[in-house]
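Comments concern the structure below.
If you're wondering where the values come from, they're calculated on a predicted model, not measured in any experiment. In listed order, ligands and their atoms are each counted from 1.
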Amino acid sequence: MSDELYPASRLGDAAAAAGRAGLDALLLTPGPDLRYVVGYDAHALERLTCLAVPAEGDPFLVVPRLELPAAQASPAGGLGLELVPWDETDDPYALVARRLGGTAAVGLSDRMWALMVLRFRAALPSARQELASAALGPLRARKSAAEIAALREAGQAIDRVHAQVPGWLLAGRTEAQVAADIAEAIIAEGHSRADFTIVASGPNAASPHHAASDRILRAGDAVVVDIGGTMPTGYCSDCTRTYVIGSPPADFLVYYQVLKDAQDAACAAVRPGASAESIDAAAREPITEAGYGEFFVHRTGHGIGLESHEDPYIVAGNVTRLSQGHAFSIEPGIYPGPHGARIEDIVVCTDTGVERLNLVTRELVEVPA
Ligand code: ZN
Ligand code: ZN
Ligand code: ZN
């Protein structure tokens, strides 16, 4: 067991997983799969960069010659992995096909561009194309100790941003102005990128994926603030808190308490052996019992790691059993209109129960109007 974030053992693990999934090779273009396997955070461009991981045989990384120095300087350069540069007039797809030889099935990274999927189909006409997640999904879903540490660091960074939000939620400012303050703080607190800054005030709080608009904040507003970014490690944060400016509507206070209890109940249900759907049910039952079931219109959560949404999804019908290392959000919401609320933490399934990675208060924060 390595305590590195991107251990050298991943290449062998990926090859073995490809074999178990019935794939002859994985073809991974820039994105989270490539970064997971060899630590290379490559630019996604039209020129082909592709890590080929045969189930049997040696892996190789095809790179445009002008990006060879960047690939060598990345963790991928230290793995003893063969780097295969191609020149501007070469056909890199034919190059991959030639080196792979005859293949019956390839797993393509889920986020590969259609441009590349179709070129690979032409270059490997006899190979069935499947998703690389068939092999890599289960590996990526269960985090190592180093990955959990990276997610914990991301959680602490976004908690520090939330701690500053009440100071920006002033009546008279717009959602967009608050979102700009938040985006700046996401970087200042250690992320390399702000991924989303949802500031949904008043009636907009009833729209779970409202972004941020020119609406002016007013006394009496509830404001859903759902924010996240990507850390230099590659690992993501995602945390939602709901704030109120001055005194909120009376019915809001009633369902906020229901929501908070439901979020606690779902967190408390996390332990090895529990199914993903049982966590969704643990959040949904108390909300339904209190009469707000029809206003909880989305799944309870999603996995998180190198992507802010990945396996395992916490939703009815997902019978996946949780085990140590699964990391995901627990984010029930109630959106009756003309206001709404959501509370979201990232949690990790431990060997005995659960660890929350977001610790900023879940008590309703009332900002003076
Ligand atoms: Zn969402
Ligand atoms: Zn979120
Ligand atoms: Zn989320």
Out of the N/O/S atoms in Asp226, what is the name of the one closest to the Zn ion (ligand 2)? OD1
Carboxylate-amine/guanidinium contact Glu88 Arg47, below 4.0 Å: yes
I'd like to know if Asp264 pairs up with Arg356 as an ion pair, taking the criterion as any Lys NZ or Arg NE/NH1/NH2 lying under 4.0 Å from an Asp or Glu carboxylate oxygen. yes
Lys NZ or Arg CZ of Arg99 over Phe60 ring: under 6.0 Å, within 45°: yes
Have a look at the Zn ion (ligand 3) and estimate, to 10 degrees, the angle subtended by NE2 (His302) and OD2 (Asp238). 90°
Whether Glu331 has an N, O or S atom under 2.8 Å from the Zn ion (ligand 2): no
Going by atom types alone, do Asp195 and Thr230 pair a side-chain donor with an acceptor below 3.5 Å? yes
min-distance N/O/S atom, Glu344 vs the Zn ion (ligand 3), resolves to OE2
